[in-house]
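Chain identifiers are assigned alphabetically (A, B, ...) following the order of the sequence lines, protein sequences preceding nucleic acid strands; residue numbering begins at 1 within each chain. Because only heavy atoms are used, hydrogens play no part in the values below, and waters and symmetry mates are left out as well, while side chains stay in.
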Amino acid sequence: MLAFDILIISIIFGIAAFFTGRYAKETASILSGVLLILIAAFSIMRFSSYSRGFVSQYSITISNSIGLYFSVGVSGLTDALLILTGIVMLIAILITDREYGSTFFGLEMLVEVGLIGLLISRDFLFFYIFWELVLVPVYFMIGRYGRDNKDSISLKFFVYTHIGSVFILLSIFTLYSYSITYLGYYTFEIGPLMGIVHSLPAFELGFVLFGFFFGFLVKMPSFPIHSWLPDSYYSAPYPATVILAGAISMMGGYGLFGILMEAYSAIPLWVLYFLAALGIISIIYFALTAMFQRNIKKMMAFASASAMGFVTLSFAASLIESAGSYYSVKLIEASGGMFQIVAHGLIMALVFSALYYISRNTKTDSVYGLGGIYREAPMLSSFALIGFLASLGLPGFAGFIGEFSIVVGVFQAISWYIFFVIFGMIITASYHIWTAQRSLYGPYNESLGFIRDVRAGEFLILIFLVLVIFLFGIYPNLIFHNLVNYANSIFGVIS
Amino acid sequence: MYIYGWMIFISPLIGFLLTLIIGKYYRKWSGAIASFFIFLAFVFSVITYFTVIKHPIYNSYTWFYNIDFGIYIDNLAIVMAIMVSFVSLMIHLFAIYYMKDDPNKHVYFAETALFTAGMLGLVISSNLVLLFLFWELVGLCSYLLIGFWFFKPNATAAAKKAFIVTRVGDLSFIIGMSILYYSLINVTKDPLSIPYLISNASSIAVAIGKVRLGIIAIFILGAAIGKSAQFPLHVWIPDAMEGPTTVSALIHAATMVTAGVYLVARLFQVFLYAAPFAMYAVAIVGSFTALYAGIVGLVVNDVKRILAYSTISQLGYMLAAIGLAPIIGGVAVSLGMFHLVSHAIFKALLFMSAGAFLVAMMDLRDAKQMGGLWKRMPITTTLFFIGSLALVAFPGTAGYFSKDPIIFASYNYFTGSPSVSGFLPFLFLMIGSLLTTLYTFRMFFLVAVGKPRSTLAEKAKDPPLLALLPLIVLSIFALILGVWQAPFYSFVKPTLDLASYTVSVPTAPVYITTMPIILLAIGFFIDLYIYGFEKWKTWDISKSWYYKLVKNKFYIDVLYTRIISERVILPLSAAFSGFENSYNASVNRLGSDTVSTGSYFRRLQSGVFENYVAVLIIAAIVIFIIIEIVELM
């Protein structure tokens, strides 16, 4: 019930934000701050002693005859992702330029409604509605406020990700039509429908799995269905980039771990190996491509995709690993992947908000356009450096816990192919450090003139993110414990 | 009681925060604050020492899943903690003088305090993952400090190189942990706990197989090679000389490069019970590096780089000493650790006196521009001379008691070894001993005797005596440390599964024990002839192939930068990026073709947001009504 209340409140806030006029930024900040506090309070109340499955379940009957209920439920994973959503959206609103006007803030609040809705829905139809609800505002953010060829880029973003969504919808309808056969009643409920996946006929099984994987992997994004990523990240205004990196890619990860993992027994082994290969290819391909970018924003877009490769890899590897004697490895692998989603979102929010201030203050975000800005803006450069270091997976920051758990568990599944993963990590370290050296340190690029450092309020935003990332890095058990319990309840064995 | 152990690394962490915050407003206090907290760490280490001599401290909590965090302090760790905090304190005190005019010195002192905290945490952590966290913290601080003078392009490039090269080693560590974790998950609840690993190493070897344990050990050795700058990952450390000299002293003596050797000593039992190739790799990597770095050190003119190569070489001795264990037993760790401690002391001394030279020389590091400094800076040069004597293992100094036993032990290894391959460490280490003398006295003669070869050298003056006080303290230890040789050996001996045993100072036949001293004399006279009497000025070997080979460091750096990064990684990256561009373009073309056929529907797209919202709401209402009608029927 509580989760449902949060959704209702977020909808009210979302509508309210459109009509705030001159004080749009203040209102939206306060509203999303209130939502974050509500989510935090909810997490403390319901998840400090979480043991398994879904809590805070609630269901409203819409239509009995076609089996349509609006049912909600929150698991350890969704709770972690709700926290991520709250933080990322708050940051996105806080770094929005106030001149964009109340429409932009309303769109941002609408994204938050969509994200909260899709996370807590335990019903496929509403899950899908909220899933689509996220896309529309982002499309307008890029199309209206973006740069460089924004019209075609926003259209590409929308069409590309929408094709993914359509496949999800087709899978949902297939499952729905089979629910009468296997369950005896029509339903859109996620739990029962994922339970029947393994008994589907071969063709339908393949169709359903393909639809889900395609839809979720587009969002991650994974190689080779990532073409929307570089353009959209580059063209989007910085708040929208934060949303893309922190929230949109999270949707893909949630699709894998929150939806598909419930049907883990139905996924054939070769598909899992194929997915693991896609994950490894994503890690290396995006890392190497990022290395060649000369625009930091674009580089970090690829870095983000490379980090999400770890999530794909961990999903596949954790399912490949047997549930027998290596059960603990399976659990740490899956939990590491889920933790990586959260860590990646937070770190990308930090990276892109630091980059936003840099590009606002210097009017450029290319590596060679900057140079030595530490001299003029030491605080800002330090935050950017912390973002880069966290992004390359340095211990002490949240990203390390995720990547470490994935790598430490992955050997059982892919054995010596682990070298490819490690190679990707070396490349990742190289280009992050190279970028820091070129843009932040070295001799000052005098043509930039005087650069202002961060103001007090901006400092607070960045330090808040750094502290959260640091907290999750040194005390991961805040959510890691719940993720392990969630994975344990899905895999159904008590360790 | 545990709290004192925890405070060993927490107090410098507090120092880091306070230095950063208070130092921002009161620059001149930053050095004192940092030094005070390092001093606290030293005090806590000493207090903990008195607990540890009774029983080791082990205190741990769950970190995430089945990975713990905590402290484990035994004899080995406490010796290291005392050494690190003491040497770091001396360096901090000298840095108050050395960095007195730097506008960013609060950042400097905060980072060195964090650096020390990282190293102390690494030393006492109880779990490999926590150790790895501190391991990377140390790497990060070295990155920040090497690039401390961020406006120098060389400094930032060196910092980048240091970070990436050590990162290669660190990832090898992760692979090692990955295999270890997966192998042991069915054996124990907490596979990466250090006390568990070292007290059950022999049963682990049985459970998972000696060969697999050996492979794990090799990967962990890879991490040590990266951090301790061993061949072939040594390339970062000579460049790292671009940072402030006190940072070099910290990196070389106390806080960074010793971490690799310490890791191997820490996991000694794992290496020992693994398949023999693991320990042999340790011995060979160490002894070969000792030889290699000694050769390269002969042709370098930059004073700090000579010291850097000598560090690489001496670290090779330490690692080689530990690698000798299969034949000579548990004393190997004692040998390596004693050399580590004595090296830390005399290398800190050498670097800080070099730092004093560089203050006088306006940071001109070329030894060929110096000369005659003994007359102009008598106290500093005397301290430098004491450090050099310890480095070449002059009888009576600390180096003599710490390094020569390693050579004797390698002789015992050779005679006890069943195959002829046991000869290599002995050969390398013995030649390395001659090379040490050659490059050390070469440097010393170039710096200290003869006539000044630049105007800066003519005007050089000693720094104030107060600033040199930490150096004097270190020089006293560099002279008398040998007194504690035997007690030290028995204090840090590793616990093995065998019954208790005693360790003794290695002995060798007299023609072996006198050999290093003879080589020392030979090296001294060669240098005296060439450099003492300035014969080198009339020489020109710069055209010869062997000079070029050595001067280019056997082309290892070229291999990495020119071949691997520029001919392999960058083209690969360019190819991937080019593929990405054309792939993206083809997707775009696909999209634009589709859009042009669909332009028939263009009239529907008004582009006004409000219209879309209206359509959305109307459609939702229609769907809802349809559903309700169906319901009613």
Using non-hydrogen atoms only, which part of B:Y182 is less than 4.5 Å away from chain A: side chain, backbone, both, or neither?
both
In terms of heavy-atom pairs under 4.5 Å with chain B, the winner among A:F302, A:Y444, A:Y475, A:Y160 is A:F302
Segment of B:F132 engaging chain A (4.5 angstrom heavy-atom cut-off):
both
Chain A interface, residue from B:L140, B:N66, B:V107 that has the most non-hydrogen pairs under 4.5 Å:
B:L140
Should the pair A:F223 and B:F579 be assigned to parallel (<30°), tilted (30 to 60°) or perpendicular (>60°) ring geometry?
tilted
Does a side chain donor of either B:W63 or B:N127 reach within less than 3.5 Å of an acceptor in the other side chain?
no
Please state whether the side chain, the backbone, both or neither of B:N186 comes within less than 4.5 Å of a heavy atom of chain A.
side chain
Below 4.5 Å, heavy atoms only, C-beta onward: do A:F404 and A:P395 meet side chain to side chain?
no
By a 4.5 Å heavy-atom criterion (distance strictly below it), what part of A:W434 contacts chain B: side chain, backbone, both, or neither?
both
Please classify the contact of A:L483 with chain B as side chain, backbone, both or neither, using a heavy-atom distance under 4.5 Å.
neither
B:E136 and B:K227 ion-paired at < 4.0 Å:
no
Run the ring-centre check on B:F148 versus B:Y108 and record whether the distance is less than 6.0 Å.
yes
Counting heavy-atom pairs under 4.5 Å with chain B, the top scorer among A:L440, A:I418, A:I433, A:T289 is A:I433
Checked B:V168, B:I67, B:I179, B:L572 vs chain A; the most non-hydrogen pairs under 4.5 Å come from B:I179
Considering residues, nucleotides and ligands other than A:Y69, do more than 12 of their heavy atoms fall under 6.0 Å from its OH?
yes
Between B:E580 and A:Y285, a side-chain donor and acceptor under 3.5 Å
yes
Answer with side chain, backbone, both or neither: which region of A:S405 has an atom nearer than 4.5 Å to a non-hydrogen atom of chain B?
side chain
Of the backbone (N, CA, C, O) and the side chain (C-beta and beyond), which part of B:L171 lies under 4.5 Å from a heavy atom of chain A, both, or neither?
both
Ring centroid separation for A:F292 and B:F576, is it under 6.0 angstrom?
no
Side-chain donor-acceptor contact under 3.5 Å, B:Y65 with A:N477:
no
Engaged part of A:P230 at the chain B interface, taking heavy atoms whose separation is under 4.5 Å
side chain
Contacting moiety of B:A157, where chain A heavy atoms sit under 4.5 Å:
both
Looking at B:L130, B:N154, B:I569, B:L137, which one has more heavy-atom pairs under 4.5 Å with chain A than the rest?
B:I569
Given heavy-atom pairs under 4.5 angstrom as the criterion, report whether the side chain, backbone, both or neither of B:F134 touches chain A.
neither
Segment of A:V159 engaging chain B (4.5 angstrom heavy-atom cut-off):
neither
For this output row, return yes or no: ring centroids of A:W416 and A:F411 closer than 6.0 angstrom.
yes
Please determine which of A:D231, A:N149, A:D151 meets the side-chain hydrogen bond (donor to acceptor under 3.5 Å, both in side chains) test together with A:K156.
A:D231
Heavy-atom cut-off 4.5 Å, strictly under: side chain, backbone, both or neither for B:I164 against chain A?
side chain
Need one label for A:F423: side chain, backbone, both or neither, based on atoms under 4.5 Å from any heavy atom in chain B.
side chain
Side chain, backbone, both or neither: which part of A:H226 has an atom under 4.5 Å from a heavy atom of chain B?
side chain
If you tally heavy-atom pairs under 4.5 Å between each of B:N588, B:L144, B:N104, B:I174 and chain A, the highest tally belongs to B:N588
